[in-house]
Amino acid sequence: MNTHKKLSRRSFLKWTGISTAIMVMDSPLRNFDVAYAFGEHPQEKPRYLVKKKVPQVCARACECDCHYDIVVGVDQVTGLERALTIEGRPEDPVARGKYCIKAMGFVDGMYNPDRLLVALKRTNPKRGEGEDPGWITVKTEDAVNEIIAKMKTYSRDEMLFACPGDPYTNRLCRSLGVSRSDQRTECFGTHYYLNSLMITNPPNKYYSSTYTVTHSLWGFDYSQTKYMLWFGFDSFSKTAKAGILNHIVEGKRNGTKIVFFNPVRTPLTDGMADEYYAIKPGTDLAVALAMIKVIIDNKLYQTDFLRDYSDAGVLIDVATKKRLTDAQGTWLAWSNTEKKAVPVNTVKDMAFDGGPFTFDHNGQQITAKPVLQLLQENVKDCTPEWAQQVSEVPAADIDRIAREFAQAAPTVCIPNLKRDAAGPNYSNSWRLMQSINILHMLTGSLDHDGAVLFLSGVKIPWLEDVDPIVKPYPELPASPADYRDQFPVTDNIYKNKDFSAPGHYGMVGHGLYHKKNIKMLFFRGPHRGLFALIQPQMTEAAMMDMDLVVDWNLYPDDNAYWCDYVLPAPHQYEESKLDIRQYYPKWPCLVGGDPVQKPPGDVIGWGKVANMIGMALAPEYWTTDGSSDPAKLIKGNMYDPALKAVGAAETKAEFMKDKDGFWIDKKPYENYKTIREIGYGRPDGRVKMYVDEFAEVGFDGLPTFQPRWTSPEGEYEFSLLITRSGWHMHADPNFIDNPVLNKLSEKNRVDCVWISPNAGKKLNLQNGDEVILETNPKHMPELPRPVKSKVFMSSRITRDDCVMLFHGIGHRSKWLKHGVWGYRDGDLIPQKDPAICKQHDPTGMGWVEDVYVRIKKA
Amino acid sequence: MKQYAILLDSRFCTGCNSCFYKCVQENRLHDVAANGNTRTVVQINDEGMYHQRCMHCLEPTCVDNCPKKALTKSDYGPVLWDTNVCIRCGTCVQKCPFHVPMLDQEHNQIVKCSMCAHRELGKDEQAIPACVQVCPTGALEFGERAAMVAKAQQMAKAGGMHIYGLEENGGTSMLILSKADPTAVGYPAVDKFKAGMSPVAMGGTAVGVVAVAAAAYAGLKKYSARRTEIAKDE
């Protein structure tokens with residue numbers, strides 16, 4: 001039987017038709033969604049599994065030193081266990097559970113493939129940008145020993161450490177008798193020195209921190225204060241400081257009034273300014289002096305505070321400009337009822353004004369006036385109308401703001417830290433800082449709840465405290481590269497009171513280039529190198545002929561082009577830490593951090609570097625008994641005593657294990673207690689308006705107006721404003737070598753220079769045009785280096801006579817895969833000739849924005 | 001199930017972009033972010049801070065237009081993207097009136113906020129998106145949408161502020177309070193209407209009404225004609 005079936009034409013057409021119909025039709029199930037049970041959608045699945053949380057303290061992103069946990073887990077994408085992100089700790093009085101973009105950037109920085117994990121040694125003697133050093137890798141300890149061998153051939157005058165004043169650097173420099181200079185001058189200098197001279201009186205029992213600059217009064221009670229004045233305080237960099245932002249916003253929600261003076265309208269201005277004034281750059285001092293005048297003339301000051309805690313009534317000899325004291329050194333004030341000079345702490349009817357008082361003092365006829373009287377005379381011409389002419393802030397507003405500020409006292413403050421107008425931006429910034437401190441004194445807002453908070457009840461000791469030296473340190477160089485010796489006011493603090501005092505980075509390049517006496521330059525990075533310097537081209541030129549240049553750093557950054565050795569440093573999250581809460585010291589508090597991981601590769605800690613050099617070159621200062629026995633090496637245990645002193649724990653290990661790295665004593669804030677403990681004349685301490693040290697070097701002891709160093713000339717008409725994005729700092733490769741952050745910078749035009757739309761129109765510019773910025777050669781006669789950049793026109797630049805640059809970009813190191821982009825602001829800012837500097841500023845700071853530039857289309 | 005929303009009080013956004021980087025770390029988006037593709041980012045504009053991020057529309061255009069239904073609107077608020085279903089056609093990128101989804105071709109994915117759905121939003125009452133958690137000023141707030149809307153309306157009235165997201169594209173689960181006009185800040189000007197009243201939906205409704213009326217008319221006409229025929233026959 002034939003079972004083969006033939007397909008009929010009819011059947012063929014039927015099945016073909018059906019098949020085609022099915023093919024061209026969508027599936028009948030096509031509109032059924034892929035259904036997931038709740039929580040089963042792919043986007044409802046976590047991307048990592050948390051393994052542990054490690055307490056840490058931020059040490060380098062800014063001075064807030066936020067306390068938080070580093071989250072370590074398994075990344076579901078890579079399957080690797082690593083630090084992934086951060087989680088806040090609500091109990092920390094500073095951060096209150098918050099943290100910032102930089103802290104998170106640091107987490108990823110630990111795994112940056114460009115990170116240095118071995119020591120590099122140069123083989124090509126030819127230095128300079130773009131030159132190949134011919135690196136060879138060497139064992140890190142061998143590299144340090146080779147460095148030590150070379151150091152033995154130099155005198156102490158021939159070596160310079162470009163390092164911050166941490167305990168180990170201090171001991172190293174002091175034991176070797178060599179100079180230390182560091183970048184903080186350009187960020188903290190005027191605040192530091194004026195606070196030291198007027199308030200904190202170093203050394204004292206509280207202000208010394210292992211990780212932050214000492215003697216900086218950063219504890220502003222933003223959340224409780226009623227009235228704040230911000231003299232350029234709201235730079236772009238402040239937009240990301242989580243440790244202060246959370247407090248500022250709470251205050252704002254509670255009704256704090258904030259008045260902004262700034263030629264830039266920042267994002268903080270948008271949301272938080274009750275009043276905004278586009279002040280002329282470098283004239284904030286005029287406004288501050290006018291406010292002082294209004295408050296004094298109308299007797300709006302806090303008399304009790306001035307009498308009990310300040311030198312407002314202390315007598316100054318009008319002939320000698322010296323402060324009058326009794327035989328015990330106690331300051332004298334004039335008693336209105338007794339009609340005589342008496343010790344300031346005993347006078348009940350103190351004269352704040354009047355005089356001159358003439359009387360017999362130690363057998364001499366003296367004519368003297370109270371400090372407040374002298375201050376009133378100093379500011380007699382500083383009317384609001386005059387200040388308006390100088391600053392372009394309306395006189396009526398200055399007068400009103402001064403009165404409002406005084407009426408809201410004592411819960412008022414003028415926050416100041418780092419690069420605001422009182423930072424070392426202008427040649428008159430030191431006078432502004434003095435005026436700000438005086439405004440705080442007139443309003444009784446220093447060391448007061450709701451105003452400027454002072455540290456109390458807690459201190460981390462210095463190395464010398466726990467491992468005392470057995471014989472005095474050698475003398476320091478008489479003529480250091482940064483010209484400290486020519487500035488006795490600051491040199492005295494550095495040499496005799498606080499060796500952590502900021503160095504003169506604004507002049508060190510000038511000294512290296514002109515003196516040519518330094519043979520060894522040792523940078524302690526990261527971000528202490530060239531990009532932290534103004535006019536780095538001077539230091540670069542000086543390093544071309546130097547015998548030995550060393551950098552201890554997390555990355556081979558720009559310095560490496562000139563370095564003989566680059567030593568690999570640990571990441572900050574690989575370090576053990578203990579810290580006070582200097583940004584919000586309302587209560588005594590200690591926080592601790594544990595290493596997230598063991599430093600990888602052949603990384604060496606700074607303490608070990610210092611120990612090795614110290615033991616090789618000056619062992620008597622590095623052993624407990626002054627011998628050279630390595631078994632007697634100092635222990636450097638600064639944490640256990642700090643914890644024991646407050647009863648937090650017996651040891652750091654116990655503190656981390658049992659207290660999870662946190663201790664606080666939430667007792668009520670005792671107003672003015674710390675002033676008594678640390679101020680001048682302690683234990684009945686006071687703060688000083690009159691700075692004797694200024695008078696001793698030919699400046700007035702009280703503020704007077706002085707204009708900035710530079711002025712617009714011809715085409716050099718744009719005043720330089722420097723800011724920093726919230727996600728950068730000093731071109732730290734942790735951030736600039738991060739491709740994610742680089743895209744963010746592009747999106748926010750951080751790679752551009754910003755000018756006002758009017759200025760751009762005048763220069764016939766379009767957004768994105770290439771421009772060249774050039775410093776007035778009159779003020780930068782040597783080694784100029786114009787800056788080339790794209791331009792962005794923004795109405796945030798509220799004056800047509802300014803140009804704003806972003807600091808923290810402009811790397812040139814070819815060893816950073818993503819890091820080489822942007823301009824470097826420092827190229828435009830002259831290193832200071834000390835002869836010029838000391839005519840204007842006894843503190844010898846950097847005057848970072850005291851620059852006018854020309855802008856031309858490239 | 002409760003529907004959630006994020007409320008941004010722009011007055012307290014400083015443009016720090018901590019939300020941006022936290023999102024990158026939370027969702028392990030380093031590779032796509034390095035290409036400039038982001039789930040959330042803040043652009044510091046002259047008139048204010050522009051948050052470019054998914055608005056989580058109540059009636060998402062991307063969901064309506066996705067040919068593979070790779071985008072879905074969850075019951076609790078977020079619009080979610082399914083990598084297993086998506087064919088990377090880019091329709092959502094083209095259709096989103098807020099210009100939000102990004103197609104990262106190198107890493108073959110759509111980059112769009114999920115409101116951190118993986119944090120068990122809707123299940124864990126304490127759960128909040130990572131961006132809200134990290135915001136140093138508390139400018140971002142998370143809660144039930146009805147409560148967020150009420151709060152936004154109250155604050156807008158008290159502070160003379162605009163609310164963006166109440167009616168934009170039918171309302172969104174991302175609400176922005178702004179002193180300046182949001183469109184001047186950088187937010188796109190999109191059609192405004194109440195949920196369920198979109199021009200497209202309303203257009204469809206109109207067609208339906210006409211069709212029903214026509215059918216009714218035709219039916220009645222047929223009925224009348226038949227009755228006439230019957231009457232004639234009788």
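Predicted, not measured: the structure shown is a model, and the values here were computed from it. So that the names make sense, note that chain A is the first sequence line, chain B the second, and so on, each numbered from 1.
Heavy-atom pairs under 4.5 Å with chain B peak, among A:His818, A:Lys743, A:Arg796, A:Gln76, at A:Arg796. Ranked by non-hydrogen atom pairs under 4.5 Å with chain B, the options A:Leu84, A:Val71, A:Leu245 are led by A:Leu84. For the set A:Glu746, A:Gln43, A:Glu87, the entry with the most heavy-atom pairs within less than 4.5 Å of chain B is A:Gln43. Contact tally against chain B (heavy-atom pairs below 4.5 Å) for A:Arg47, A:Glu44, A:Lys241: the top residue is A:Glu44. Contact tally against chain B (heavy-atom pairs below 4.5 Å) for A:Ala242, A:Pro42, A:Gly726: the top residue is A:Pro42.
For a residue to count as touching a neighbouring chain, one of its non-hydrogen atoms must lie under 4.5 Å from one of that chain's; by this rule A:Asn246 touches chain B with backbone and side chain alike. The contact between A:Asn738 and chain B is made entirely by side chain atoms (from C-beta outward), counting heavy-atom distances below 4.5 Å. If you measure heavy-atom distances from A:Ile86 to chain B, the contacts under 4.5 Å come from the backbone alone. In this structure, the portion of B:Val42 lying under 4.5 Å from any heavy atom of chain A is its backbone and not its side chain. A:Tyr99 touches chain B through backbone and side chain together, each having a heavy atom under 4.5 Å away. For B:Glu120, no part lies near chain A; criterion is any non-hydrogen pair under 4.5 Å. Contacts between B:Asp9 and chain A at a heavy-atom distance below 4.5 Å involve the side chain alone, from C-beta outward. At a 4.5 Å heavy-atom cutoff, the contact between B:Val24 and chain A is made by side-chain atoms alone. For B:Lys179, the part sitting under 4.5 Å from any heavy atom of chain A is the side chain, from C-beta outward, and nothing else. In this structure, chain A has a heavy atom under 4.5 Å from the side chain of B:Met1, while its backbone stays farther away. Interface residue B:Ala139: only backbone heavy atoms are found under 4.5 Å from chain A.
Taking the six-membered ring where the residue is Trp, A:His247 and A:Tyr222 present tilted rings, their angle falling between 30° and 60°.
Among residue pairs with one or both ends in residues 39-86 of chain B, those qualifying as ring-ring contact (aromatic ring centres under 6.0 Å, His included) are A:Phe38-B:Tyr76, B:Tyr50-B:Tyr187; sequence neighbours excluded. The salt bridge (Lys or Arg N to Asp or Glu O under 4.0 Å) analysis of residues 13-38 of chain B, with sequence neighbours excluded, yields the pairs A:Asp75-B:Arg28, B:Glu26-B:Arg119.
Comment: B:Lys73 does not engage B:Asp64 in a salt bridge, judged by the lack of any side-chain N to carboxylate O separation of less than 4.0 angstrom. With respect to the salt-bridge test (charged N to carboxylate O, under 4.0 angstrom), the residues A:Glu250 and A:Arg253 do not qualify.
The cationic group of A:Arg82 does not satisfy the cation-pi geometry with A:Tyr48, failing either the under 6.0 Å distance to the six-membered ring centre or the 45° limit from the ring axis.
Using non-hydrogen atoms only and a strict 4.5 Å limit, the part of residues 263-272 of chain A facing chain B consists of A:Arg265, A:Pro267, A:Leu268, A:Asp270, A:Gly271, A:Met272.
Between the side chains of B:Asn65 and B:Thr91, no donor-acceptor pair is found at a separation under 3.5 Å. Remark: the B:Asp82 side chain and the A:His41 side chain contain no N/O donor-acceptor pair separated by less than 3.5 Å. At a cut-off of 3.5 Å, with distance as the only test, a side-chain donor of A:Asn742 or A:Trp821 sits close to an acceptor on the other residue.
Residues B:Gln52 and A:Lys747 are in side-chain contact: their nearest non-hydrogen atoms beyond the backbone lie under 4.5 Å apart.
A ring-centre distance under 6.0 Å is found for A:Phe792 and A:Trp754. In this structure, A:Phe260 has its ring center no closer than 6.0 Å to that of A:Phe233.
Every residue meeting the salt bridge (charged side-chain N to carboxylate O under 4.0 Å, His left out) condition with A:Glu40, not counting sequence neighbours, appears here in chain and number order: A:Lys45.
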Quiz item: Taking it one step at a time, do B:Cys116 and B:Gln133 satisfy side chain to side chain contact (heavy atoms under 4.5 Å, CB included)?
Solution: CA-CA 11 Å; B:Cys116 284; B:Gln133 185 184 46; over 6 Å; no
